[in-house]
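The figures here come from the full heavy-atom set of this structure, side chains too, leaving out hydrogens, waters and symmetry mates. Letters A, B, ... are given to chains in the order of the sequence lines, protein chains preceding strands, and every chain is numbered from 1.
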Protein chains: 2
Amino acid sequence: MASTPPRAATLHEVAALAGVSHQTVSRFLHNKGPFKPATIERVEAAIQELNYRPNMIARSMRTRETGILAAILPSPVTAMPTPTLAAAAELARQSGYFMEISVIEGPAQDRAKRTQELLDSGRLEGVLALGALPGMSEQPRGPGTTALAILDQYDDRLRGIGPLADASALREIIETLAGMGHRRFLHIQGPQDWSSARARREEYLRSIEDLGLDSHGIRGGDWTLESGYAAVSGLEEDSGVTAVIAANDYLALGALRAAHDRGWPVPRRLSITGWDDLPTARYAVPALSTVAVDQRSQGRSAMERLIALVRNEPAPDSTIPVSRLILRESTGPAPEPEPSEVQR
Amino acid sequence: MASTPPRAATLHEVAALAGVSHQTVSRFLHNKGPFKPATIERVEAAIQELNYRPNMIARSMRTRETGILAAILPSPVTAMPTPTLAAAAELARQSGYFMEISVIEGPAQDRAKRTQELLDSGRLEGVLALGALPGMSEQPRGPGTTALAILDQYDDRLRGIGPLADASALREIIETLAGMGHRRFLHIQGPQDWSSARARREEYLRSIEDLGLDSHGIRGGDWTLESGYAAVSGLEEDSGVTAVIAANDYLALGALRAAHDRGWPVPRRLSITGWDDLPTARYAVPALSTVAVDQRSQGRSAMERLIALVRNEPAPDSTIPVSRLILRESTGPAPEPEPSEVQR
DNA sequence: ACACTCAGAGTGATCGTTCACATTCGGGGA
DNA sequence: TCCCCGAATGTGAACGATCACTCTGAGTGT
């Protein structure tokens, strides 16, 4: 008394039930060629009856297309906003792809090596690096090669390109602060193997120079709260800095806390700005002035680019969503110079 | 002049080059049976020479094992800490599995439906829900069925189980605060389809009762900052609440800001606690008292459970990492009753 | 000298789908 | 009537691995 095996139905079984050949069913599934109405009906009924689902593995075997993409999380992983990841995954699914994720820690060299292994595995049609991947560049899909797209991408001259690289809001920040009387700035930078961090740093330096302002220097170096805290903690008492431009919100929130611990009121003595508009930024005390970026559309547009590379289509004209400066409580007019300092 | 096709080498080609049968190479790759040293040498050389990599698709087709797991992100996705996801992905990889991710938004019903589709797709060996999945329960892998593990899992009586459900630290919080003189509490709860949120709520109510304290009530209902803000904003001026127990850090940070906006000093007038120990919690002003949970080991242990279910092995004795109460600046002694209130 | 065992290796079928090609059928023009 | 054409469908091989067998030859006990 063998009970029915729970094995899934195959194309042949559907064909047998419908009284047609397996090829007809296959064609039906791909909407190829015209069919007699009667055929359509019978095949549809058979599929329904057997609850048939095509076996993707077998299909992949024949077509050599796996439909699988992989996303590489940046290191450290906290630098990855979940909405970016989620948006990329959603678009992949909508476009008929599966998206795996791959965590690659370690120094740039190891990351590049593991990424290369992924590219060579032959299992993937495309790889999306959701962050910086120093030493590697985007490539389309060819016969035998896997496509690679990089969210934090740079060009031949190491200039940032792509949705993460737009640092123009930084000039706006500095102009705004200069308009409030600020003259001496500090930049807390991100890791310099990220082109977005480099772009912000460069825009900072350029703006300072163009506007005839002073920079006390540049601190930081990674994306962490600790780094931001240390930057402001280590600031000399007489540095004259009245505005701190952080490369992201984590750095800025760390800086905010350091200012608090030193008894420096923000923004009365020190103005601080961030970048990313984290959910918590708005509820910080004081609320953080920052640059709102649309993380979901960043993830989506990166995935769009990858899929174009996979399909060897021209790159979609990525309408990069403009990042938008949001002024909250952490920025304000520059403090009046203290009388004692004026006398000196 | 056809150049060498970039197609990957097959088992047969390796066998031909090594002068053995394809089966021998296959056995070699699986470490099956003894081999003559000479055979080993020749096969290894051939593999090296052709840079052979087994075709996972073909293997899957024959063995009916895909080696692919899927992780379902919770909704909203910001409720998912990246380290949890990353740790799960790492363990999957180390165990020889690939991990896809799948974003399923929408109400519980849709989520259950889409999850069921994933389970039925036949492409996956296991599915890990990184969050609540109301109406579905864990299942092992059988012939034709896909394993399912749920991070935020509950038992038959809707009691939370698993690593997320340990709410014992909540009692510790309340005992500590009671020791500081607090008598009247408010709970800001998470979404009640999460068993962890239910567990914290229940532990809150039980502790209040056991210790003979007062609860002003329960607010909140999702995991957002807005919800936490609203809970404290809406508190009556004369509620008598001196301590707010939030179900996670987002809620707590929102509450913190609301207290600030009402001019209620924290902790002098109101103590606030969170849960999760987000990176920003420590740098908040005031620094948030919270419960540190090891997100990485939560992700890892959930994945361990899934893999055990996939392999039909007994569940690993999950040494649930104990969550640890961290007292920072947002908690302190209860305020003295104001003279005016005493007179009334 | 014989059968037996076991290490070591080989043979052919098979998984479920798509590809390339062959076949059937009905109708319209010469 | 015959031929041809396109619509509609059928046939068999192939993708690259593993599974279930079969086969060979050297050693072993009697």
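Within the structure, a side-chain polar atom (N or O) of Ser21(A) is placed less than 4.0 Å from OP1 or OP2 of dG10(D). Contact between the side-chain N/O atoms of Arg62(B) and the OP1/OP2 oxygens of dC19(D) is not found at any separation under 4.0 Å.
Taking atom CZ of residue Phe35(A) and atom C1' of nucleotide dT9(D), one finds them 9 Å apart after rounding to whole Å. At whole-Å resolution of the value, CD1 in Ile40(A) and C1' in dA8(D) are 12 Å apart. Following rounding to the nearest Å, His30(A) (NE2) and dT9(D) (C1') show an atom-to-atom distance of 16 Å. In this entry the distance linking NE2 of His12(A) with C1' of dG10(D) reads 11 Å, nearest Å. Atom pair His22(B):NE2 and dT18(D):C1' shows a separation of 9 Å (rounding to whole Å applied). For the pair Leu11(B) CG and dC19(D) C1', the interatomic distance rounds to 13 Å; values are reported in whole Å. Look at CZ on Arg27(A): it is 11 Å from P on dT11(D), rounded to the nearest Å.
Nucleic acid contact class of Phe28(B) (heavy atoms, under 4.0 Å, all strands): none. Within 4.0 Å (heavy atoms only), Thr39(A) reaches sugar-phosphate atoms of the nucleic acid but no base atom. When heavy atoms are screened at a 4.0 angstrom cut-off, Arg64(B) is found touching the sugar-phosphate backbone but no base atom.
Scanning DNA chain C 5' to 3' for nucleotides with an atom closer than 4.0 angstrom to a non-hydrogen atom of chain B gives a first and last hit of dA7(C) to dG16(C).
By the side-chain hydrogen bond (donor to acceptor under 3.5 Å, both in side chains) test, Ser21(B) is found to be paired with Thr24(B), residues two or more places apart in sequence or in another chain being considered.
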